[in-house]
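Take a look at the structure below.
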2 protein chains.
Amino acid sequence: MAHVNTLFMASSRKARLYGGMDADERRTERRLKLIDAAIEVYGEVGYPSATVKAICEAAELTERYFYESFANSEALLIAAYNHVVGHLHEEMTAAAAAAGHDAEARLHAALTLYFTRLKEHPKPARVFLLEISGISPAVDAVKLDAGRVFSDILVPPVLDAKHGDRGAAATLLSTGMVGAVISIALRWVSKQYPQTVEDVVAIAASFCRVALTEADRRRDLRLR
Amino acid sequence: MAHVNTLFMASSRKARLYGGMDADERRTERRLKLIDAAIEVYGEVGYPSATVKAICEAAELTERYFYESFANSEALLIAAYNHVVGHLHEEMTAAAAAAGHDAEARLHAALTLYFTRLKEHPKPARVFLLEISGISPAVDAVKLDAGRVFSDILVPPVLDAKHGDRGAAATLLSTGMVGAVISIALRWVSKQYPQTVEDVVAIAASFCRVALTEADRRRDLRLR
DNA sequence: GTTATCTGACAATAAGGATTGTCAATTTTG
DNA sequence: CAAAATTGACAATCCTTATTGTCAGATAAC
């Protein structure tokens, strides 16, 4: 029994090392490289024109490794999107939390972080924070979810036992708020940042404030 | 000299009639049919998946006529977009004008018309009033221009000899406003109109009001 | 070293669609 | 009716890209 079929090697035992890395580690690394390359390429030519080949070249990997990590282009798009947006959202949440309990202060902190990052990383910005639509229902769903998260960070939904789901009007208010912020960001980025972060934040904040105060006003009306 | 080369027929003389129509008229009619068909197909499968063939079938014309009127798919997209949006913008302008001089009344009138039309014509709505981005620079430019027109209708720019171009901040405010309205519209349409037109208009208007009052406030600050 | 595994380059295949070309049938003109 | 113009159907071609497959060379394990 000196020879053991690799198929029976439980995941507990490590696979052969290459370049000092586990098989799993190598796969994960390649996956990462592909995601980074995708962001780069999307930023240059846009997702629709980004071919698998071009992304693989940018990642310095061959197509074989593309299909090792992703079923198709769309899967990579989604992974890349979640990568960028997930990261950003975490940071925004942290920034808001650090700003304390005042709604205005939290809003300001989160938006400042958002626009600061946008200015630091134009490529991911252009592609992901902005427009991926009409690709497929799956992608749209991902985007929709990201919008919801974004909205919740800026204006945390009021927890209300009686109204588990916020009202339909509140949803439209959130939608409008996110739409406004993202549109502003898109233009700001594509015009190469003509205003200071501070100025853009102030403008974006004014739209968020509407969503905030309108939601309050409407809730008061309902509960009165 | 009984026979005259058709190449020398000046455009003043009419070409042979078919179905009671001039050659030019027939071409224009086919062009129109293609645009209508495109709107239909885009609304069903989205622009990226809309093939030339499918559009031609919907138009009951063959590919030959596609290339008679359009250089490529993108040209048709732009034509269709301008067709729908141009029409809508005209109507909105008229509605605003009919509402008189009060800014609030004009805003309400224009938005009401906008959302009413959206509800009446879901297909064009979904495709055009919302998202065509990342297709190409040309298409993006068209969309950008449409956004500007849209904004000017909702909140006519103050004519100011001293400040021929409105301030950069005002541009971002317009951008945010349009983004908010369009995002709201997108969700409203895709959720199959859960609110009344009146309610949606009220919510959209609250975002427009920000743009309006903020712009005023900023101008006052500058001129004080 | 020898063997098993992994990697990189690239060929082969497949699929889908755009664009152009052909031609018989139809319609108008005279 | 005969001739010319126009139309509709469809084939042929051309391209681009995704996806799979092959294989020689490199690397690690023993």
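Chain letters run A, B, ... following the sequence lines, proteins first and then strands; every chain starts at 1.
Atom pair A/E74:CD and D/dA18:P shows a separation of 13 Å (rounding to whole Å applied). Whole-Å rounding puts the A/E57 CD to D/dA18 C1' distance at 15 Å. When the P atom of C/dG30 is taken as reference, atom CZ of B/R16 falls 8 Å away, rounded to whole Å. Following rounding to the nearest Å, B/I55 (CD1) and C/dT19 (P) show an atom-to-atom distance of 12 Å. Taking atom CZ of residue A/R27 and atom P of nucleotide C/dT7, one finds them 11 Å apart after rounding to whole Å. Atom OH in B/Y18 sits about 11 Å away from atom C1' in C/dA25, given to the nearest Å. Between B/M21 atom CE and C/dT28 atom C1' there is a gap of 15 Å when expressed in whole angstrom units. Atom P of nucleotide D/dA11 and atom NZ of B/K53 are separated by 10 Å, given to the nearest angstrom.
Using cut-offs of 30° and 60° on the angle between ring planes, the pair B/F70 and B/F66 is tilted.
For B/E63 and B/K53, the salt-bridge test fails: no basic side-chain N is under 4.0 Å from an acidic carboxylate O.
Taking a 6.0 Å sphere around CD of A/E44, one finds it holds more than 12 heavy atoms contributed by other residues, nucleotides or ligands. A 6.0 Å sphere centred on CD of A/E120 holds more than 12 heavy atoms belonging to other residues, nucleotides or ligands.
Taking the side chain as every heavy atom from C-beta outward, A/L144 and A/D140 never approach each other to under 4.5 Å.
Of the side-chain N and O atoms in A/R26, one or more sit less than 4.0 angstrom from OP1 or OP2 of C/dT7.
Sorted by residue number, the members of residues 63-73 of chain B with any non-hydrogen atom under 4.0 Å from DNA chain D read B/R64, B/Y65. For the contact set between residues 28-36 of chain A and DNA chain D, defined by any heavy atom under 4.0 Å, there are no members.
Under a 3.5 Å cut-off, the side chain of A/S151 and the backbone N or O of A/G147 do not form any donor-acceptor pair. A donor-acceptor pair under 3.5 Å links the side-chain atoms of A/T116 to the main chain of A/T112, judged by distance alone. Between the side chain of A/S190 and the main chain of A/R187, a donor-acceptor pair closer than 3.5 Å is present. With A/N72 contributing its side chain and A/A75 its backbone, the two residues share a donor-acceptor pair below 3.5 Å.
Position along DNA chain D of the nearest nucleotide to A/G19 versus B/E60 favours B/E60 as the more 5'-ward residue.
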- Message: Would A/Y114 and A/V201 count as a side chain to side chain contact (heavy atoms under 4.5 Å, CB included) here? Give the steps.
- Response: CA-CA 9 Å; A/Y114 179 72; A/V201 168; over 6 Å; no
- Item | From CA spacing to verdict: side chain to side chain contact (heavy atoms under 4.5 Å, CB included), B/V52, B/Y67 | CA-CA 10 Å; B/V52 170; B/Y67 294 100; 4.2 Å; yes
Which pairs, protein N/O on one side and nucleotides 15-17 of chain D N/O on the other, fall under 3.5 Å?
none

